[in-house]
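Chain letters run A, B, ... following the sequence lines, proteins first, then strands; residues in each count from 1. Just so you know, these numbers come straight off a predicted model, no measurement behind them. What you see below is based on every heavy atom in this structure, not just the backbone, and it leaves out hydrogens, waters and symmetry mates.
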Number of protein chains: 2
Amino acid sequence: MSTERRRARTEDEKHFRRQQILDAAEQHFSEVGYEGFSMANLAKLVGVVKGTLYLYFKTREEVFLTLYNQSLVRWSHVFLEQLQGSMTDRDYVTTLYTTALADGSFIPLLTRLEHVIEHNVSIESLIQSKRNFIERVDCLAQATAPVLSLNQSQSVELVKTMGVLLVGATRADQSPSLHGEDIPDDVQALIDSFSSENIFIKNACRIISGIRTADGSITES
Amino acid sequence: MSTERRRARTEDEKHFRRQQILDAAEQHFSEVGYEGFSMANLAKLVGVVKGTLYLYFKTREEVFLTLYNQSLVRWSHVFLEQLQGSMTDRDYVTTLYTTALADGSFIPLLTRLEHVIEHNVSIESLIQSKRNFIERVDCLAQATAPVLSLNQSQSVELVKTMGVLLVGATRADQSPSLHGEDIPDDVQALIDSFSSENIFIKNACRIISGIRTADGSITES
DNA sequence: TTTTTTAAATGACTGCGGGTCATTAAATAA
DNA sequence: TTATTTAATGACCCGCAGTCATTTAAAAAA
């Protein structure tokens, strides 16, 4: 807040202003979550009026889609940095899981991507987002192949499948926090049994085994 | 609409009215989806005024949670009916996938359960819902064990994991329909590669193999 | 320097959403 | 027939996403 009060006239200035909004959005999102996020509050945080936000983003979801794109890139860099020359399957998936959760925005946005965010976004933005995704998958797959001794197509399949599993496994983490409530033992036991870390790591390992085991020719039948 | 205009005085009548609302909600949901669903429109469909709905449900999400509970029970019955004495892993997961998708409400509600629905619901309703879930898991696991030659704890783990995978795999189906839009080939190829059926069945089989292979003693380390 | 032009920023506005509550009236009990 | 209960009503509140005619800061032209 209270940084630039000048009007953004050049493309550079506009780009900078846009990023200012995104930074504030990231902060607002981390504070109130997806459902609590409002454009009016975001505007206050940026220090502009609500209408100004719509000069830079067509809809609220365009903000989220951009945040998602940025968080995907950000996470993939962190993850790639932590990859070693050779890792066990378990180390690989643990690193993937840990880095993904460490980013405050990535998982919550990924969770809502298809069924909420993509539904109020221009086709151009959607295509751009998918292209960004393709690029990240390719990059991750390229780096993954040697680490896990997979060929290229196996590696691509693995990376895509990890995304699927990550969304499914981390569902449990999105439940309302029940701290201070008295939960019956049977229900508490159920909740405990859905520890996202356990579920992700265990099944990710099973899937890697499955991918590695299958001979490349068989796909359907 | 225009069935019962009498006031609901007895518990039975109130229960009936409640179910009338739920039936209309199911219809409304199937027509407009989660985001398009509104209490005002639901009221019109039921033939009452909006405030009346709040005599029977505390919040909009209580309606959804109840619909989810009912859809879970409904689907599990259909699925259990289709189980044979002995099936291949692939037949089992295909049946699971097909029956789950055939129910119009189950997947869309399951997708939103933890991060949306559960966040605006009373603790009592949440506990009741979890109890219902536990019961269905137990029932499904009991029936699954002999079909796939698993022991009880393997079978419970399998059923729970199928839920996780189902949510992750069907994400792609929730994307906006891009019919009539011209999508670049690279993006279209990406979308095609996320066929939920392929992903679910392939990885479900891998997970079953993994569960069956692991000796029962090893869990963590 | 002064005037004109451009477009970033504004803020009042619309419509719709979930949810509330004092009032009304239908059914039951007295 | 009258009194009591409570299901149902509908007007109401507030916050939301998104719009647009108007304002005004800054660049371009004079």
I'd like a table of atom pairs between the protein and nucleotides 27-29 of chain D - only N or O on both sides, under 3.5 Å - with the distance next to each one.
residue, atom, partner, partner atom, Å
D:dA27, OP1, A:Arg6, NH2, 2.8

Collect all protein-nucleotide pairs involving nucleotides 18-21 of chain D in which both atoms are nitrogen or oxygen and the distance is under 3.5 Å.
residue, atom, partner, partner atom, Å
D:dG18, OP1, A:Asn120, ND2, 2.8
D:dG18, OP2, A:Tyr54, OH, 3.1
D:dG18, OP2, A:Arg60, N, 2.8
D:dG18, N7, A:Lys50, NZ, 3.2
D:dG18, O6, A:Lys50, NZ, 2.8

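Protein atom CG of A:Leu53 is 10 Å distant from nucleotide atom P of D:dA17, rounded to whole Å. The interatomic distance linking A:Ile21 (CD1) with C:dA8 (P) rounds to 12 Å, in whole Å. Rounded to a whole Å, the CD atom of A:Glu35 is 15 Å from the C1' atom of D:dG15. Straight-line distance from the CD atom of B:Gln20 to the C1' atom of D:dA8: 14 Å, rounded to whole Å. Atoms CG (A:Asp12) and C1' (C:dA8) sit 16 Å apart, rounded to a whole Å. Atoms CD (B:Glu11) and C1' (D:dA7) sit 12 Å apart, rounded to a whole Å. Rounded to whole Å, atom P of D:dA17 lies 8 Å from atom CZ of A:Phe37. Rounded to an integer number of Å, the gap from B:His119 NE2 to C:dG18 C1' is 18 Å.
Applying the side-chain contact (heavy atoms from CB on, under 4.5 Å) rule to B:Thr10 yields the partners B:Asp12, B:Glu13; only residues at least two apart in sequence or on another chain are considered. In this structure, the side chain to side chain donor-acceptor pair (under 3.5 Å) partners of B:Gln19, at least two apart in sequence or on a different chain, are B:Asp23, B:Gln70. For A:Gln142, the side chain to side chain donor-acceptor pair (under 3.5 Å) test picks out no residue, with sequence neighbours left out. Qualifying side chain to side chain donor-acceptor pair (under 3.5 Å) partners for B:Asp138, counting only residues two or more places apart in sequence or in other chains: none.
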Could you go through residues 155-167 of chain A and list every donor-acceptor pair under 3.5 Å that involves a side-chain atom there, pairing it with any protein atom two or more places apart or in another chain?
residue, atom, partner, partner atom, Å
A:Ser155, OG, A:Ala141, O, 2.6
A:Ser155, OG, A:Ala145, N, 3.3
A:Glu157, OE2, B:Arg206, NH1, 3.1
A:Glu157, OE2, B:Arg206, NH2, 3.0
A:Lys160, NZ, B:Ser193, OG, 2.7
A:Thr161, OG1, A:Glu157, O, 2.6

In a table with atom names and distances, give each donor-acceptor pair under 3.5 Å that connects a side chain of residues 49-58 of chain A to protein atoms at least two apart or in another chain.
residue, atom, partner, partner atom, Å
A:Thr52, OG1, A:Val49, O, 3.4

For residues 113-121 of chain B, please give each side-chain donor-acceptor pair under 3.5 Å, one per line with the distance, not counting sequence neighbours.
residue, atom, partner, partner atom, Å
B:Glu114, OE1, A:Arg171, NH1, 2.9
B:Glu114, OE2, A:Arg171, NH1, 3.4
B:His115, NE2, A:His115, NE2, 3.4
B:Glu118, OE1, A:Ser175, OG, 2.8
B:Glu118, OE2, B:Lys130, NZ, 3.0
B:His119, NE2, A:Gln174, O, 2.6
B:His119, NE2, B:Glu114, O, 3.4
B:Asn120, ND2, B:Glu61, OE1, 2.9

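Distance from the side chain of A:Leu55 is smallest to C:dT10 among C:dT10, C:dA7, D:dA8. Ranking D:dA8, D:dT9, D:dA26 by closeness to the B:Arg7 side chain, first place goes to D:dA8. Side chain of B:Tyr56, nearest nucleotide from D:dA7, D:dA8, C:dA8: D:dA8.
Recorded end-axis angle for the helix from C:dT1-D:dA30 to C:dA30-D:dT1 stands at 20°, based on five pairs per end and rounded to 10 degrees.
Listed here is the closest heavy atom pair of B:Ala100 and B:Trp75: N-NE1, 3.3 Å.
Stacking of A:Arg60 on the aromatic ring of A:Tyr34 is recorded, both the 6.0 Å distance cut-off and the 45° axial limit being met. Both the sub-6.0 Å distance and the 45° axial angle are not jointly satisfied by A:Arg112 relative to the ring of A:Phe29.
Sorted by first and then second residue, the pairs that involve residues 95-111 of chain B and meet salt bridge (Lys or Arg N to Asp or Glu O under 4.0 Å), not counting sequence neighbours, are B:Arg74-B:Asp103. Residue pairs satisfying the salt bridge (Lys or Arg N to Asp or Glu O under 4.0 Å) criterion with at least one member in residues 177-192 of chain A, sequence neighbours excluded, are listed as follows: A:Asp186-B:Arg131.
Heavy atoms of B:Phe57 sit nowhere under 4.0 angstrom from any nucleic acid atom.
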